[in-house]
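This one's a predicted model, so the numbers in the text were calculated from it and none came from an experiment.
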Amino acid sequence: MRDIHIQAIRVHQYGGPGELKLEEVPPPVAGPGQVLINITATGVNPVDWKMREGMLARPLPFIPGVEASGVVIALGEGVTHLKVGQAVYGSVDGSYTACAAADASRIFPKPAHLSFEQAAAAGGAKIAWSALFEEGRLTKGQRVLIHAGAGGVGHLAVQLAYHAGAYVIATAGEENIDFVASLGADEVIDYKAAPFETQTGQADLILDTVGGDTLERSYQLVKSGGTLVSIAGKPDEAKAAAAGIRAVWSGAKSVRAMQEVARLLDRGLITPAVRKVFAPLSAAAAAQEYSRLGGPGRGKVVLLIE
């Protein structure tokens with residue numbers, strides 16, 4: 001048993017995609033409250049390459065990845081809601097690997113109607129849910145503007161807001177207008193045709209998934225007393241106060257958000273979109289570069305572990 005090793009991508013120093021090294025590592029074990037998962041697919045997120053570049057500090061060396069789908073192969077002490085052989089998905093720290101241990105409270109049974117690739121792309125939903133409902137306090141009938149409505153988080157945020165009974169406005173490129181409308185958006189703004197702030201009225205809540213200039217131009221579109229939530233940059237509290245609005249950064253992925261998302265996924269009310277699949281694990285660098293430079297697209301990039 002001591003000679004058994006598994007494949008994993010590891011980062012030993014911060015830098016470019018060349019720092020993603022395919023290595024043989026000892027297999028993990030499931031501790032108390034954990035499950036051991038044979039990873040089938042992992043979502044590829046901006047946080048992955050930001051950690052690789054050192055924009056987000058993390059002790060070296062580390063295995064990238066924050067979400068995955070796969071099959072349970074062992075249960076840690078105290079885990080009773082999952083079973084060996086069960087297909088699952090959820091938050092998995094260090095998911096660019098053939099096998100990983102994860103907190104069982106953040107792992108959920110995979111709905112049969114979702115592929116492993118779709119399940120691995122579901123992580124954006126919990127980020128969107130926290131931003132819309134925990135930070136944004138969105139309620140039925142409110143107007144919400146979601147930036148990048150076809151993106152990895154945005155396309156799930158549109159579906160969540162629609163099912164909550166909000167009036168949904170979303171920005172997208174011309175090639176994705178019909179797609180975003182099909183998700184439940186009442187208005188889809190072609191942000192390339194004209195400045196988005198000239199194409200719609202004010203909203204009770206704006207969810208910014210882009211940052212930069214998009215965030216800066218969003219303050220003026222929030223109704224007085226409304227809320228601006230960003231997952232892509234920290235809003236300026238002074239600007240928000242001057243505009244008479246509330247502005248917050250949301251990086252939350254609470255257990256409640258995960259539970260709510262799991263319920264909606266089980267019922268088929270939201271569906272993750274997969275933008276592009278890379279395989280096998282050795283394609284991690286290509287997957288991260290596509291995520292970083294790929295431009296407008298639909299849904300999440302996924303790395304298939306073969």
Taking all non-hydrogen atoms of both residues into account, name the closest pair between [X] and [Y] and its distance.
X: Ile73; Y: Cys99; answer: CD1-SG, 3.8 Å
X: Val153; Y: Gly124; answer: CG1-O, 3.8 Å
X: Gln13; Y: Leu60; answer: CA-CD1, 3.8 Å
X: Pro111; Y: Asp266; answer: CG-OD1, 3.3 Å
X: Val29; Y: Ala101; answer: O-CB, 3.6 Å
X: Thr227; Y: Glu135; answer: CG2-O, 4.2 Å

Going by an N to O cut-off under 4.0 Å, is there a salt bridge joining [X] and [Y]?
X: Asp93; Y: Arg58; answer: yes
X: Lys126; Y: Glu134; answer: no
X: Asp204; Y: Lys223; answer: yes
X: Lys239; Y: Glu216; answer: yes

Atom [atom1] of [X] and atom [atom2] of [Y]: how far apart are they, to the nearest 0.5 Å?
X: Leu156; Y: Leu264; atom1: CG; atom2: CG; value: 10.5 Å
X: Ile6; Y: Leu281; atom1: CD1; atom2: CG; value: 9.5 Å
X: Ser91; Y: Met258; atom1: OG; atom2: CE; value: 3.5 Å
X: His155; Y: Leu160; atom1: NE2; atom2: CG; value: 9.5 Å
X: Tyr167; Y: Tyr162; atom1: OH; atom2: OH; value: 13.5 Å
X: Leu215; Y: Ile231; atom1: CG; atom2: CD1; value: 11.5 Å

Would you say [X]'s side chain and [Y]'s backbone share a donor-acceptor pair under 3.5 angstrom?
X: Glu289; Y: Ala286; result: no
X: Arg143; Y: Gln202; result: yes
X: Ser115; Y: Gln118; result: yes
X: His163; Y: Val158; result: no
X: Asn176; Y: Gly173; result: no
X: Thr171; Y: Ile189; result: no
X: Ser291; Y: Ala287; result: no
X: Arg52; Y: Gly15; result: yes
X: Glu19; Y: Val11; result: no
X: Glu117; Y: Val302; result: no

Can you check whether [X] reaches [Y] side chain to side chain, under 4.5 Å on heavy atoms?
X: Val144; Y: Ile206; answer: no
X: His5; Y: Pro26; answer: yes
X: Ile270; Y: Leu265; answer: yes
X: Thr42; Y: Val92; answer: no
X: Pro280; Y: Ile305; answer: no
X: Met55; Y: Trp49; answer: yes
X: Leu82; Y: Pro109; answer: yes

*asked:* Checking Val72 against Lys83 for the side chain to side chain contact (heavy atoms under 4.5 Å, CB included) test, could you report, in this order, the C-alpha distance in whole Å, the side-chain angles of both residues, the deciding distance, and whether it holds?
replied: CA-CA 7 Å; Val72 175; Lys83 59 185 179 181; over 6 Å; no

Using the rule that two of Ile, Leu, Val, Met, Phe, Trp, Tyr join whenever any of their side-chain heavy atoms come within less than 4.5 Å, decide whether [X] and [Y] are in one cluster.
X: Leu20; Y: Val25; value: no
X: Val277; Y: Val301; value: no
X: Val84; Y: Val35; value: yes
X: Val248; Y: Val210; value: no
X: Leu269; Y: Ile146; value: yes

Between [Y] and [X], is there a side-chain donor-acceptor contact under 3.5 Å, judged purely by atom types and distance?
X: Thr200; Y: Glu187; value: yes
X: Asp48; Y: Tyr96; value: yes
X: Asp103; Y: Gln34; value: no
X: Gln86; Y: His81; value: no

*asked:* Is it the case that the ring center of Phe196 lies less than 6.0 angstrom away from the ring center of His147?
replied: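 Under 6.0 Å, so yes.
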
Report, as yes or no, whether the 6.0 Å neighbourhood of atom [atom1] on [X] holds more than 12 heavy atoms from other residues, nucleotides or ligands.
X: Glu237; atom1: CD; value: no
X: Glu174; atom1: CD; value: no
X: Glu77; atom1: CD; value: no

*Describe, in one word, how the ring planes of Phe108 and Tyr89 are oriented to each other, choosing from parallel (under 30°), tilted (30 to 60°) and perpendicular (over 60°).*
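Answer is tilted, since the angle falls between 30° and 60°.
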
*Asn45 and Lys50: side chain to side chain donor-acceptor pair (under 3.5 Å), yes or no, with the steps?*
CA-CA 9 Å; Asn45 297 280; Lys50 289 179 180 180; over 6 Å; no

*Give the C-alpha distance, both sets of side-chain angles, the deciding distance and a yes or no for side chain to side chain contact (heavy atoms under 4.5 Å, CB included) between Thr97 and Ile9.*
CA-CA 6 Å; Thr97 180; Ile9 296 292; over 6 Å; no

*Carefully, step by step, assess Arg246 and Arg137 under the rule side chain to side chain contact (heavy atoms under 4.5 Å, CB included).*
CA-CA 11 Å; Arg246 177 173 162 265; Arg137 304 167 190 172; 3.4 Å; yes

*Evaluate side chain to side chain contact (heavy atoms under 4.5 Å, CB included) for Val66 paired with Val47, printing each intermediate quantity in order.*
CA-CA 9 Å; Val66 295; Val47 68; 4.2 Å; yes

